[in-house]
Amino acid sequence: MEKLKMITPLVEMDGDEMTRILWQDIKEILLMPYLELKTEYYDLGLPERERTGDQVTIDSAEAAKKYGVAVKCATITPNGQRMKEYQLSQMWKSPNGTIRAILDGTVFRAPIMVKGISPVVKNWKKPIIIARHAFGDVYRASEKRITGPGRAELVFTARDGTESRQTICDFDGPGVIQGQFNQDSSIRSFAHACFRFALDMGQDLWFSTKDTISKQYDHTFKDLFQEIYDREYKALFEKKGLEYFYTLIDDAVARVIRSEGGFLWACKNYDGDVMSDMVSTAFGSLAMMTSVLVSPDGKYEYEAAHGTVTRHYYRYLKGEQTSTNPMATLFAWTGALRKRGELDGLPDLMAFADRLERAAIDTIEGGTMTGDLAGLWEGKTPARVVTSRDFLTAIAERL
């Protein structure tokens, strides 16, 4: 069989631990036999980030801006334990945070739904898509450990040298402070992306923050969303019979649980991180959630919404077989290949991505799956639990 050809390379961002193993297996078993895979490769594994002073992360993001489509493996964001384990010179920032800051835009996360696995929330009948702002907040925050008594102040120096100060806290002993930021331009891009996506999908849009407590920071998000909706999207929403509404994040959580699904839920950066994990787990598994970062100028970065599966990686290092779910990582590849085919006018590449996703879903619906899904299985025949590699091989046989 002649392999499918590509014109423009994908930006390939390799990652860490068990997902790095799955990454190579997916390429070997499901991609390279059928594609003349064309990528520009960047190793975002923690050792390489340490070796390059994290320059490799910046380079990969700039390559994504250049080529337009990237696919990323899960990566470690180091804490104190990881710093010792990997003998790091410093706790490098989240690669996702760095890439998102460079590309800006919005992350859209949607569950991969299969027959035979019902959502934990029994009244959820349709997918709930999370729109996560991908800039600023805690992911780009500055932090400082306070070692003793003193005053912490928020200081802003205008371009003309004018200074304004606001007391954060008069410390009477040790503590910690954190400074977060965002920009109106990024919030506006986030709002436009959410309204356009909702219109394209024909879905209602919910937006939630905590403006009753954060009367400047979160209220700015609320005000800008409302301003843009009233000025540019209200008539379009009404014409399609769609609804946009704002509510507090705690009220939104209660509404989401009671809903049937089938809407777009827009969240600030950290809220979206947490709520997408909640939604994906309730629909089946953290490994059953697609994720794509869309920048304002039409650049795309596809990734899995979960971590590096450390526990399975330690077992793998001992020579043990693992049943790690590769679906989200596989769908990152198919999403990127489909978008690359769309942008380059390659319908066969798009069709290949569609068929590969269908083969993966059919494999699960046929009763073959990884261990995380077996406990949720409601099919007529018993679930057949297989290793990660055997699962990918079963997909290849269907493909």
Side-chain angles (χ1 to χ4, degrees), residues 5-32 35-78 82-83 85-105 107 134-135 139-140 290-295 297-310 313 326 328-341 343-344 349 353:
K5 292 180 173 58
M6 297 174 62
I7 298 173
T8 310
L10 291 175
V11 178
E12 179 184 353
M13 305 173 179
D14 209 345
D16 287 298
E17 298 189 321
M18 199 64 218
T19 44
R20 187 182 181 96
I21 307 302
L22 297 177
W23 192 261
Q24 186 57 43
D25 286 348
I26 288 168
K27 289 170 62 178
E28 175 191 331
I29 297 170
L30 292 174
L31 301 182
M32 295 175 73
L35 300 176
E36 287 187 6
L37 192 59
K38 195 172 185 180
T39 73
E40 182 163 308
Y41 179 85
Y42 293 86
D43 184 356
L44 300 193
L46 197 46
E48 183 66 8
R49 281 182 274 148
E50 168 69 15
R51 189 188 72 80
T52 64
D54 208 32
Q55 184 61 43
V56 65
T57 306
I58 297 169
D59 292 345
S60 72
E62 293 298 337
K65 290 175 70 174
K66 175 182 177 181
Y67 291 107
V69 184
V71 57
K72 181 183 174 295
C73 184
T75 47
I76 294 170
T77 299
R82 296 298 204 157
M83 191 169 178
E85 180 182 352
Y86 282 86
Q87 299 180 326
L88 304 178
S89 59
Q90 61 177 279
M91 272 188 244
W92 302 107
K93 288 185 178 291
S94 160
N96 289 341
T98 299
I99 293 165
R100 290 166 188 159
I102 292 172
L103 294 181
D104 199 0
V107 176
F135 180 81
Y139 299 87
R140 298 291 290 174
T290 65
S291 182
V292 56
L293 172 69
V294 184
S295 75
D297 57 347
K299 313 301 182 187
Y300 299 83
E301 184 237 343
Y302 295 81
E303 61 179 338
H306 57 72
T308 57
V309 202
T310 305
Y313 181 62
T329 303
L330 173 59
F331 273 56
W333 274 105
T334 55
L337 288 168
R338 184 185 297 105
K339 179 56 66 174
R340 189 72 273 167
L343 295 178
D344 289 351
L349 186 60

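Bear in mind that the values here come from a model prediction, so they are computed numbers and not experimental data. Side-chain atoms are counted along with the backbone in the values below, which use heavy atoms only and exclude waters and symmetry mates.
- In plain terms, the two heavy atoms of Ala336 and Leu10 that are nearest each other are O-CD2, 3.7 Å.
- Residue pairs that meet the salt bridge (charged side-chain N to carboxylate O under 4.0 Å, His left out) test with at least one member in residues 299-310, sequence neighbours left out, are Arg100-Glu303.
- At a threshold of 4.0 Å, the pair Glu40-Lys66 does not count as salt-bridged, since none of the basic side-chain nitrogens sits closer than that to a carboxylate oxygen.
- Here the closest heavy-atom approach between residue Ala328 and residue Ala304 is recorded as CB-CB, 3.8 Å.
- Under the 4.5 Å side-chain criterion, counting only non-hydrogen atoms from C-beta, Lys72 is not in contact with Tyr302.
- With respect to Lys38, the side-chain contact (heavy atoms from CB on, under 4.5 Å) criterion is satisfied by exactly one of Arg340, Glu12, Met6: Met6.
- Here Glu17 does not pair with Arg20 in a salt bridge; the nearest charged N to carboxylate O distance is not below 4.0 Å.
- Between Thr77 and Pro95 the shortest heavy-atom distance is OG1-CD, 3.8 Å.
- A salt bridge does not link Arg82 to Asp16: none of the charged nitrogens lies less than 4.0 Å from a carboxylate oxygen.
- Residues Asn96 and Ser94 bring no donor and acceptor atom of their side chains to less than 3.5 Å of each other.
- Annotation: side chain to side chain donor-acceptor pair (under 3.5 Å) contacts of Glu28 (sequence neighbours excluded): Arg389.
- Taken to the nearest 0.5 Å, the CH2 atom of Trp92 stands 14.5 Å off from the CD1 atom of Ile76.
- Distance CD1/Ile21 to OG1/Thr329: 12.0 Å, rounded to 0.5 Å.
- Side-chain atoms of Ser60 and Ile99, non-hydrogen and from C-beta on, do get closer than 4.5 Å to each other.
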Report task. Would you sort out whether Tyr300 and Val71 count as a side chain to side chain contact (heavy atoms under 4.5 Å, CB included), showing the intermediate values? Result -> CA-CA 8 Å; Tyr300 299 83; Val71 57; over 6 Å; no
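- A distance-only check finds no donor-acceptor pair linking the side chain of Asp43 to the backbone of Met13 [under 3.5 Å].
- Separating the OH atom in Tyr86 from the CG atom in Leu46 is a distance of 6.0 Å, to the nearest 0.5 Å.
- Around the CD atom of Glu36, the shell of radius 6.0 Å holds more than 12 heavy atoms that belong to other residues, nucleotides or ligands.
- For the residue pair Tyr41 and Asp14, a side-chain donor N or O sits within less than 3.5 Å of a side-chain acceptor on the partner.
- Closest heavy-atom contact between Leu293 and Ala134: CD1-CB, 3.5 Å.
- The side-chain contact (heavy atoms from CB on, under 4.5 Å) test applied to Leu35 returns Leu4, Leu31, Leu37, Leu337, Leu349, Phe352, not counting sequence neighbours.
- For the pair Trp333 and Lys27, the minimum side-chain heavy-atom distance is below 4.5 Å.
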Query raised in the report: Asp59 and Gln55: side chain to side chain contact (heavy atoms under 4.5 Å, CB included), yes or no, with the steps?
Result: CA-CA 6 Å; Asp59 292 345; Gln55 184 61 43; 2.9 Å; yes
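- Atom NZ of Lys65 has 12 or fewer neighbouring heavy atoms from other residues, nucleotides or ligands inside a 6.0 Å radius.
- Ile58 contributes atom CD1, which lies 12.0 Å from atom CZ of Arg49 (distance to the nearest 0.5 angstrom).
- Here CG of Asp344 is found 3.5 Å from OG1 of Thr8. Values are rounded to the nearest 0.5 Å.
- You'll find the side chain of Val107 stays beyond 4.5 Å of the side chain of Val292, heavy atoms only.
- The CG atom of Leu88 sits 6.5 Å away from atom CE of Met83, with the distance rounded to the nearest 0.5 Å.
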Requested in this report: Starting from the C-alpha separation in whole Å, work towards a yes-or-no answer on side chain to side chain contact (heavy atoms under 4.5 Å, CB included) for Leu343 and Val69.
Outcome: CA-CA 9 Å; Leu343 295 178; Val69 184; 3.6 Å; yes
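- Judged by distance alone, with hydrogens and angles left aside, the side-chain atoms of Thr19 form no donor-acceptor pair with the main-chain N or O of Gly15 at under 3.5 Å.
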